[in-house]
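Only heavy atoms go into these numbers, but all of them, side chains included; no hydrogens, no water, no symmetry mates.
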Amino acid sequence: MARLSLNLLLGAVVLIALLLLSTAYGTTAIPAPDVVHAVLLGLGLTEGEAAPVHRIVFELRLPRALFAAVIGAGLGIVGVVLQTTTRNDLADPFLFGLSSGAAAGAVFVITVTGDILGFWTLPVAAFTGGIIASAIVLSLVHSLRTSAPEKLILAGLAVSFLFAAITNYLIFAGDSRAAHSVIFWMLGGLGLARWDSFPLVCAGLLLIFAYTAYRARWLDALLTGDGTAATLGVPVQRLRFSMFFIAALATAVFVSVAGVIGFVGLMVPHIARGMVGPLHRNLIPTSAIIGAALLTGSDIVSRVILAPQELPVGIVTTSIGALFVFLLLYRTAKS
């Protein structure tokens, strides 16, 4: 417990520092006193006139930083859930068609319908696509009357390829002028971060965190194998289905506002296990902190590496993820 507390404390300090950096730095650096004053002014804790710099901090950079932290934490926990329930160390939302379904929904409205619901058009379409993809995966697995991890993975891959094909068709057949927006969104970005949709991503994080914490002991039992878990009283099939559904729901929420951000859910559980071990009571909060710090730091890099242009954050996380997988394979081969 002392080790967990120390890890969480250090992680919280790092995360707070990254949040401050994310708020202060971008295409234009803003002095720390001005950042603090803008935040206090936005929260109504001080008086003064809202200068343009205050609007930049409170209405653009602060919600973006908080979105990165919340979504990164959520994706980290989703990775834990998927890797545990499938017993696959490379499992993440990409593997099960969740991100592909959300991408197809978003690309559909970008290239075909347009903003028929205003600001909420893209989030609603992406959320719907992610839920449809997860429903197809669960239906396929249910029709086989099994919840075996390998069947779940195969069903997810099939659905992922299906929605990837749909997305590519929409890009090719749709308005070519929307191609840039489509590509930027498919590579992940936090440009849609607004205070109006912040409760939505918080709800996604709360959902996945609360349910996994509630079922932590069952997830621990699942690590020993389906047979042993069943003898301990764990309803293995029901647990696997419910965990996948909750993970799909949370992933759809995150993708609906941030696009497809890859490899966070794959890397974070491995890093967290190396720090606190495989038991989920410690693994879940540690993964949340690491995921939040990873995506917040990646977003900072994406905004400054090509300033004044903005690089999609998914390119940064994918680059880090590729190096991480190479390192993981090297360590496995060496051991």
Side-chain angles (χ1 to χ4, degrees), residues 15 18-20 22-24 26-27 30 35-46 48-75 78 98-99 101-103 105-110 113-131 178 181-182 184-210 248-261 264 288 291-292 295-296 298-300 302-303 310 312-314:
L15 178 59
L18 288 172
L19 289 173
L20 291 175
S22 181
T23 307
T27 54
I30 299 175
V35 171
V36 174
H37 183 262
V39 173
L40 294 177
L41 183 63
L43 295 175
L45 300 178
T46 187
E49 185 178 353
V53 66
H54 296 156
R55 295 190 178 94
I56 292 174
V57 170
F58 192 77
E59 297 179 12
L60 296 177
R61 292 189 181 178
L62 181 60
R64 180 172 181 144
L66 294 177
F67 266 66
V70 172
I71 293 172
L75 290 176
V78 168
L98 309 181
S99 298
V107 171
F108 179 78
V109 299
I110 292 175
T113 65
D115 295 335
I116 57 176
L117 298 178
F119 170 76
W120 288 99
T121 303
L122 195 59
V124 169
F127 178 80
T128 303
I131 293 300
S181 299
V182 169
F184 188 88
W185 191 89
M186 288 181 64
L187 294 175
L190 295 163
L192 291 179
R194 299 290 185 273
W195 289 116
D196 291 343
S197 54
F198 186 62
L200 178 65
V201 294
C202 288
L205 174 60
L206 180 62
L207 175 66
I208 189 68
F209 181 86
L249 196 62
T251 301
V253 169
F254 301 142
V255 174
S256 70
V257 295
V260 181
I261 300 175
V264 174
L295 189 54
T296 304
S298 297
D299 185 54
I300 295 173
S302 72
R303 286 188 286 124
E310 179 182 325
V313 70

Which atom names give the shortest non-hydrogen contact between [X] and [Y], and what distance separates them?
{"X": "Gly188", "Y": "Ile261", "result": "CA-CG1, 4.0 Å"}
{"X": "Leu190", "Y": "Ala258", "result": "CD2-CB, 3.8 Å"}
{"X": "Ala69", "Y": "Leu19", "result": "CB-CD2, 4.1 Å"}
{"X": "Ala126", "Y": "Ser256", "result": "CB-CA, 3.4 Å"}
{"X": "Val313", "Y": "Ser302", "result": "CA-CB, 4.0 Å"}
{"X": "Val78", "Y": "Ala250", "result": "CG2-CB, 4.3 Å"}

Just verifying a value: how many Å separate [X] [atom1] and [Y] [atom2], rounded to the nearest 0.5 Å?
{"X": "Phe67", "Y": "Asp299", "atom1": "CZ", "atom2": "CG", "value": "12.0 Å"}
{"X": "Leu60", "Y": "Arg194", "atom1": "CG", "atom2": "CZ", "value": "6.5 Å"}
{"X": "Ile110", "Y": "Phe108", "atom1": "CD1", "atom2": "CZ", "value": "12.0 Å"}
{"X": "Thr251", "Y": "Ile71", "atom1": "OG1", "atom2": "CD1", "value": "11.0 Å"}
{"X": "Ile56", "Y": "Thr23", "atom1": "CD1", "atom2": "OG1", "value": "12.5 Å"}
{"X": "Leu75", "Y": "Phe254", "atom1": "CG", "atom2": "CZ", "value": "6.0 Å"}

Pair Ser298, Val264 - check side chain to side chain contact (heavy atoms under 4.5 Å, CB included), show working.
CA-CA 10 Å; Ser298 297; Val264 174; over 6 Å; no

Does the side chain to side chain contact (heavy atoms under 4.5 Å, CB included) test come out yes or no for Leu62 and Trp195, once each step is laid out?
CA-CA 9 Å; Leu62 181 60; Trp195 289 116; 3.8 Å; yes

In sequence, state the C-alpha distance, the side-chain angles, and the governing distance for Val257 and Phe127, and then conclude on side chain to side chain contact (heavy atoms under 4.5 Å, CB included).
CA-CA 9 Å; Val257 295; Phe127 178 80; over 6 Å; no

So, does Arg303 use its side chain to make a donor-acceptor pair with the main chain of Ser22 at under 3.5 Å?
yes

